2 protein chains.
Amino acid sequence: MCSSTSHIDLLIVGAGPAGLTAACWAAQYKMSTRIIDQKGDRTKTGHADGIQSRTLEILESFGIVDPILKQGIHDVDMSHWTTNNETGNIERRRRYEADTGQRSRFGQILLNQGAVEQVFVDHLHKKNVRVERHKAAESLHFSPTADDDTQQFPVVVGVRCIGNNGEKETIHARYLIACDGAHSWVRNQLDVQTDTVSEDSTWGVLDIVPITDFPDIRQACSIHSQPDGSIMTVPRENRLVRFYIHLRGEMKEEAMQHPSRSPRTMVEMAEGLMKPYSLTYNYCDWWSIYPIGRRLVKQYRPHERVFLTGDAAHTHSPKGGQGMNVSIQDSYNLIWKLGAVITNGADPTILGTYDTERRPVARQLMDLDTRLVQAYEKEEKDISKGIYEVREQYAGFMAGVDVAYTHSILITEGGKDGDSNLASNITLGMRLPSFLVVYLCDGAPSHLAQRLTSDGLWRLLVFPGDLRQPERMKALVNFANIFSKSSYLAHLQHISAPEWRCHIIELLLIQSCPRSAVNLLDLPELFHPFDDTMGWDYWKAFADDRDQAYKGYGIDKGGSGCLVLCRPDQHVAWIGSMEDTSGLESYFSSIFGPLR
Amino acid sequence: MCSSTSHIDLLIVGAGPAGLTAACWAAQYKMSTRIIDQKGDRTKTGHADGIQSRTLEILESFGIVDPILKQGIHDVDMSHWTTNNETGNIERRRRYEADTGQRSRFGQILLNQGAVEQVFVDHLHKKNVRVERHKAAESLHFSPTADDDTQQFPVVVGVRCIGNNGEKETIHARYLIACDGAHSWVRNQLDVQTDTVSEDSTWGVLDIVPITDFPDIRQACSIHSQPDGSIMTVPRENRLVRFYIHLRGEMKEEAMQHPSRSPRTMVEMAEGLMKPYSLTYNYCDWWSIYPIGRRLVKQYRPHERVFLTGDAAHTHSPKGGQGMNVSIQDSYNLIWKLGAVITNGADPTILGTYDTERRPVARQLMDLDTRLVQAYEKEEKDISKGIYEVREQYAGFMAGVDVAYTHSILITEGGKDGDSNLASNITLGMRLPSFLVVYLCDGAPSHLAQRLTSDGLWRLLVFPGDLRQPERMKALVNFANIFSKSSYLAHLQHISAPEWRCHIIELLLIQSCPRSAVNLLDLPELFHPFDDTMGWDYWKAFADDRDQAYKGYGIDKGGSGCLVLCRPDQHVAWIGSMEDTSGLESYFSSIFGPLR
C-alpha cells in the first residue's frame, strides 16, 4: 500500500450531474482539476429524468446538446385526469400542448439521468479528463493560509481507492467542490446546518414499460382519483414511462414492508386509481420509495475554499422535474467564477456571489415543491386546476430562464440613469434571451446564443442601431476609438492583450439595417480583428435581418443603440449607452483591479 | 508470407464517399461485407466539398447528419460579380439569399470530403465494421456459376497487403462493388467502355485562408473578369475558402510548368481578376490543377456480379458541387437491392435497375456540367445571368431531390386508373418529400422522413382521410382486415412474420383530423402492434395537425385517402386507393415471388 501527494487547483467530489458539469466547465480554463467518485460507474437507471430549457441552453453552450436532443422525448402534450363522481371512472379534463418556443429555443426533454451523465463523460473524455471512480474522500482538513491568497493549496483531502489494495493519496487543492449528493460526506465533515422539513407523505416512483389501454400513456399526465390518491406519469425514452404514485394507508405499509414485491404492489395500486383502465407491465427498469421532505443548507460556502452544489446543498421531491437542472445550474454558476479567480486574477470576493445568487433559487424551489406536493395531495374539487395554476405561475422558473440574480459586484444595479430604457425587455441579472440574427459577412442565420459559448469570456453586445445613418456610424466609430484607446478596456479584449493573463471579453456587433447595406470591412477593426495567418475574423458582426433581436430586446431600431454586457454564464451584467465606456471600465476594474 | 481465403457476401473496393456509403448501408443487413482501400488513410484535405440536400437527407436516414451540420458552413448568400467596362474594376451584380427550405428540410452544406468520410468511419466503427486499409486488389476472376444462384461466391479477388510482408488473401464474394475512383482498377480489369469528352480547358483549385478586402469573400461567388477569366469561390469551414480559377495562356503554362509555385501563381492570377481588391494568403490547405473533361461508363454493371459506383462510373468538373453527392447516391441506390436479394430472397432481376436508374442521372449530370462550364468560360455580356439560369434550371437536380427513377419492377407505372390523382403532388419514382406531422399518441412533432430510416424496410404510408367520418373509419378497418388476412401481405409485415426471413414492410398511418379526436387504441391493431414485453407500439400513427402533409402531397383531407408505398431508399414505388391491396400484393410478389 503506497501513498502519494498531489497539488491541484480544483477537487470535485462526486460525479453526478453537478460534478460532471463542474468538471466540464473547469476544463475550459487553464487550471488543474480532478473529479473523484466513490461509485464504480455512472447512474445506470432511474433517478432524475427532466431536462429543462435552461439546462439545454447550457449544454448547447458546451457543444453537447445534440445527443440529448436525439435520445430524449420532447414536446409532448400534457393531460389532467380526475374522477367522475357518478361513474367512479377517471376522465380527461384538459389536454395542453407543450409550450415550446415561448421562453427558450429549447423546450423540455425527458431522458434518464444516466444518459445525461454519459454525454458529459464522453465530452470530458475528448478533453482528456477522466472521472476517477472507486475513490472515496476519507479525511478533510485545512492548512493555514491567508484567505485571499488564491495561489495556496489549503484544502487537504485524504482519498482512498476502494477495492484491491486500498491505495491512499493526499490531495492539496486550492478549492473543493462538494457534489456528493443528498448524503454529502463533505457537508457532514463541515457540520453544515440545514433547514429541514419532513412531511408525513410517501411516494413511490418507478420506470416501467406499461401495458395499458389508458389512452394518454405517452403524454405527461396528472391523474387524481378521488378520494383514493394521485399519480403523475412522464413518458420516457425506449418506451419507458415514469410513474409517481402517492402511497397511502395499507398500500404504503405493504410497499414498505415487502420491498421485493413493491413494484408489483405499486402498479396494482396505480391500476386501482386509473379505473376503468388496465395497467400492468413485464419490464421494470427502476423503482424506489421516498418520503416527501425538503432540506436546504444554511451556507453554500461553509468554508472560504469549499462550495456545496446540487443535492449536497438542497433536496426536495421530484414533482417539478427540477433536481438535475438546479444541480447543473449550481455548478454552471460557480465554476467560471473560480476560473476567473484562479486563472485571470479576479478578486476572490466574487466567489461570495455563489451563495447570494444560488441559495435564493433553491429557496424558491422549496416553495414550488411545497405547493406542487400540496396540489397533488390535497383532496379538492378541481385538483387539475390547482396543479395547472402552480405550473403556470412557476413556468419560467421551472424552465430555468426566469432566474434573475440580484445586484452584486457581478451584476450592476438597474434603473439608474434611465439605462433600463435602453433595452426595455432585458432584465439585469437574467440570462440573455436569444434571437435569430444573420452574419453580416455571408447572411447565414444564427441564434445569437450560439456565439455566447461557455469559454469563459464576458461578451459585450454592441447594438449601434442603423449604420446607414451617419450619426450612428459616427457613434460606433467613436465607441471603437475610446474602447481601443482605453488601455484598460483594450486589454480586456483578447486579441490585443498579450500582457493580460488570458482573454476576458469578446465584442459582438448587432446592427439594425439590412446586411447588404453595410460592408463589414468598412466598420471599425474592433469588429473584424486581423490575424496575420488567419486574416480577418468575419464572425463578430450580425445584422438583424430577421427583425427579431432589436424588437425582442426592446431596443429602438432607429434609436441610438446601447451596450449589453453578458457574463461568461450569459447572465446580463451591465447595460449602458454607446458612450458609457467608463461604466464598462468601472464594472471590470472592480473585479480585476487596476491594469498590471 | 502466408495466404488465406475467405467467403463473403459483398466486397467493396475503395473507401471514399461511395465505398463508405456502401459499407454503411450494407451494415444494416444481415450479410457479411468487407471494405478495402489501398490508401493508408482517409482523404485529409481538399477534394469534394459540396453536400447537397438529398445527401443530407440520406445521412439523416442513417442517423449521422448531425456532425456534418455542426462542422459545415450552411445557407450562405451567393453573389455574382462582373467587370465594369469603364473602370475595369469588378462590381457586384446580384446577391441572392440561399433558398433553404424550398426543396428539402436541409439546404446545402460546405465541408471538406475528409470530414464527411470521418463521419462514416466513426459510424462504421460503432457497427464494428473496419475499413481495411493498405489493401490492394491485384487479381479478379470469376468462377463458373448459374447467374441467378445468389447463394454462390463467383467473384474471386486476390488482395495484397501493402507494406511489411505483403500478405496475400483470396476473397470469394457474391458481389463486388467497385468504388475505386476515377482510375478504377476494377473498371480497367473488365475493360469497360466509356464515353469520354475532353475540353481544351484547365482550371486550378485551391483551399486557402484568404487575406483580402473583397467584401463577399464569405459568400459563394462567381466572378467574371472580362476578358481575362473567371473565378468561383466557395466559403468553407475553419476560415478556408475554396477557389476555382480558369487558367489561361501564360498563367496556365506557368502554373503547370512550375508545380511548386502553383498556388502562389494561381492566387496572383486570381488577384488580377479581382481588381480593385487585393488577395493573398499565408495558409494553403490543398491545391490542384485539372483539365476539364467528362467520362461516363457504358455499363454500370459490367458483369452480373460487379457494379461500378461514383467516380469509377462517371467523372466531370467540380463546378456544380455534385461529385461526392452523386457517388453517395449511387451506392445508396444499389446496396438495399443487394440486401434484398442476398438476405430476403428478392429476385436478382431487381439488380438491373441500378443501371437504368443511375446511368440517366449521370447523363444529366454531364449535361449540367457541360452547360455550367460553358457559362463560366464563355465571354458574353451578362455572364452571371447565364450561370444563374443554368443553376435555376437544374436547382432541383443539383439538390438531388428532383431525380425521378423510371418505371421498372421496383417502380410501378403511373397514370393508369387515375391513381395519380390520389396524391397529385407525389411523383412515382421520386423520393417522397417530407412534412411535419405530429404523433397521435403524444402530439410530439416529427418530420415524416425521420420515420423513413435506412433500415431496409419498404414503408406503406396509409392516408385514410378524416377518421371522424364513419365511412373513412370503415374503409380503414376494411383495409386493415384485408391486409391482415391476406397471407401474402400479412407476411410482409415484420411483427407477425416469423416465417419470413426478415422484415419487408412497415405501415405508417397519417390521418387528417385533429389528434385529440382519435384514440390510437381504437384504431386497427395493425397501426399499434402489440408485443408481450414492450406493450403497444405507439409510433406508427400520426395526425396532420400542422396542416402540411395532406396539402403537401396533394391528398384531399376530406376525401377517401390513399396508400403510398416507399422503397427502402424513400423513392415512391406505388400509389393506390385504400381498397387496392391487390395492387400492393402484385407489386411485392413480382419482387419476392410467391409466399414460401
Side-chain angles (χ1 to χ4, degrees), chain A residues 63 66-67 69-70 73-79 92 95-98 100 107 208-220 235 238-241 277 279-283 438-446 515-516 518-522 530-539 545, chain B residues 63 66-67 69-70 73-79 92 95-98 100 107 208-220 235 238-241 277 279-283 438-446 515-516 518-522 530-539 545:
Chain A
D66 288 343
L69 298 179
K70 196 159 190 166
I73 299 289
H74 335 192
D75 302 342
V76 298
D77 293 346
M78 292 190 63
S79 290
R92 186 193 297 129
R95 176 168 174 166
Y96 310 96
E97 295 193 18
T100 49
I208 56 172
V209 177
I211 296 178
T212 179
D213 55 358
F214 176 65
D216 292 357
I217 193 65
R218 293 301 310 173
Q219 298 171 37
N238 298 331
R239 298 195 182 201
L240 291 170
V241 174
Y277 301 105
L279 174 68
T280 176
Y281 70 95
N282 288 314
Y283 177 73
V438 306
Y439 281 100
L440 208 51
C441 67
D442 62 11
S446 173
R515 64 184 182 273
S516 55
V518 177
N519 177 0
L520 174 61
L521 298 189
D522 293 341
F530 186 78
D531 173 276
D532 280 344
T533 304
M534 299 307 275
W536 280 293
D537 182 340
Y538 297 92
W539 295 274
D545 283 9
Chain B
D66 288 345
L69 298 179
K70 197 158 190 167
I73 298 289
H74 331 196
D75 304 341
V76 298
D77 292 346
M78 291 189 64
S79 289
R92 187 194 297 129
R95 177 169 174 166
Y96 310 96
E97 294 194 17
T100 48
I208 57 173
V209 176
I211 296 177
T212 179
D213 54 358
F214 176 64
D216 291 357
I217 193 65
R218 292 302 309 175
Q219 299 171 38
N238 298 332
R239 299 196 182 199
L240 291 170
V241 174
Y277 300 104
L279 174 68
T280 176
Y281 70 95
N282 287 315
Y283 177 74
V438 305
Y439 281 100
L440 207 51
C441 66
D442 61 11
S446 173
R515 63 184 182 274
S516 55
V518 177
N519 176 359
L520 175 60
L521 298 189
D522 293 341
F530 186 78
D531 173 275
D532 280 344
T533 304
M534 300 306 276
W536 280 292
D537 181 340
Y538 297 92
W539 295 275
D545 283 9

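Lettering follows sequence order; numbering is per chain, from 1. Keep in mind it's a predicted model, so treat the numbers as computed, not measured.
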Nearest-0.5 Å distance, CZ of residue B:Arg515 to CZ of residue A:Arg95
5.5 Å
Region of A:Asp537 in contact with chain B, defined by heavy-atom distances below 4.5 Å:
both
Output for pair (A:Tyr439 OH, B:Asp75 CG), nearest 0.5 Å, gives 12.5 Å
To the nearest 0.5 Å, what is the distance between CZ (A:Arg92) and OG (B:Ser516)?
7.5 Å
Distance in Å, B:Met534 CE paired with A:Ile211 CD1, rounded so as to fall on 0.5 Å steps:
9.5 Å
Whatever's closer than 4.5 Å to a heavy atom in chain B on A:Ile217 counts as side chain
Mark yes or no for whether B:Lys70, through its side chain, and A:Gly63, through its backbone, hold a donor-acceptor pair below 3.5 Å.
yes
Within a strict 4.5 Å, meaning less than it, do heavy atoms of the A:Asp442 and B:Asp77 side chains meet?
no
Honestly, the part of B:Asn519 sitting under 4.5 Å from a heavy atom of chain A is side chain
If we define contacts as heavy-atom pairs under 4.5 Å, which of A:Thr212, A:Leu521, A:Asn238 has the most with chain B?
A:Thr212
At a heavy-atom separation under 4.5 Å, does B:Pro215 approach chain A through its side chain, its backbone, both, or neither?
both
Which answer fits A:Leu440, side chain, backbone, both or neither, if we ask what part of it has an atom under 4.5 Å from a heavy atom of chain B?
backbone
Largest heavy-atom contact set with chain B, pairs under 4.5 Å, which of A:Pro445, A:Ala444, A:Cys441
A:Cys441
Interface moiety of A:Ser79 toward chain B, non-hydrogen atoms closer than 4.5 Å
neither
Using every non-hydrogen atom in the two residues, find where B:Thr533 and A:Tyr283 come nearest and quote the distance to one decimal.
CG2-CB, 4.3 Å
Between A:Leu520 and chain B, which part of the residue has a heavy atom less than 4.5 Å away: side chain, backbone, both or neither?
neither
A:Arg239, part contacting chain B, at a heavy-atom distance under 4.5 Å:
both
